[in-house]
Amino acid sequence: MKSFRKELWFNVPSRRAFINITPQVDECLRESGIREGMVLVNAMHITASIFVNDDESGLHHDFDVWLEKLAPHEPVSQYGHNTGEDNADAHLKRQIMGREAVVAVTDGKLDFGPWEQIFYGEFDGRRKKRVLVKIIGE
Ligand code: ZN
């Protein structure tokens, strides 16, 4: 069995954003040379997510509005976590949107269903953060 590991770095200039990272994950898969196996992609920070969904701007806006209703950023004083920081909402948003995605690798390709793409969800940006890509197989 072969194994491949790489960290992708992001520094999102806004507090929140959704970024399609499928091309970077595809590039990792090419680098790995693995043809059959699994890809794990996970955010290495507890205020960012990895998830699989559609690359459609209306849907991304809907996610943002929905998450802001569930866990509004303001007022920051409403959260117990915000004693020395202001990112409690980002922890909650990350919890809903998930930590990782696992995608099957078949015949050297990411074996997606229709419209599936891999996204990095940032909820407390404006600093450097990492995503782990781990690929195992042969
Ligand atoms: Zn925090």
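Atoms within each ligand, like the ligands themselves, are counted from 1 in listed order. Since the model is a prediction, treat every value here as computed from it, not as a measurement.
- The tally of protein N/O/S atoms under 2.8 Å from the Zn ion (ligand 1) stands at 4.
- Here the rule is ring pair (Phe, Tyr, Trp, His ring centres under 6.0 Å) with Phe51, and of Phe18, Phe123, Tyr120 only Phe18 fits it.
- Cation-pi geometry between Lys129 and Trp9 is not satisfied (NZ or CZ under 6.0 Å from the ring centre, within 45° of the ring normal).
- Using the six-membered ring where Trp is involved, Phe63 and Trp66 have ring planes that are tilted, between 30° and 60° apart.
- Not one N or O on the side chain of Glu85 forms a donor-acceptor pair closer than 3.5 Å with the backbone of Asn87.
- Just one of Asp55, Asn53, Asp54, Asn20 meets the side-chain hydrogen bond (donor to acceptor under 3.5 Å, both in side chains) condition when paired with Gln117; it is Asn20.
- Annotation: ring-ring contact (aromatic ring centres under 6.0 Å, His included) contacts of His91 (sequence neighbours excluded): His81.
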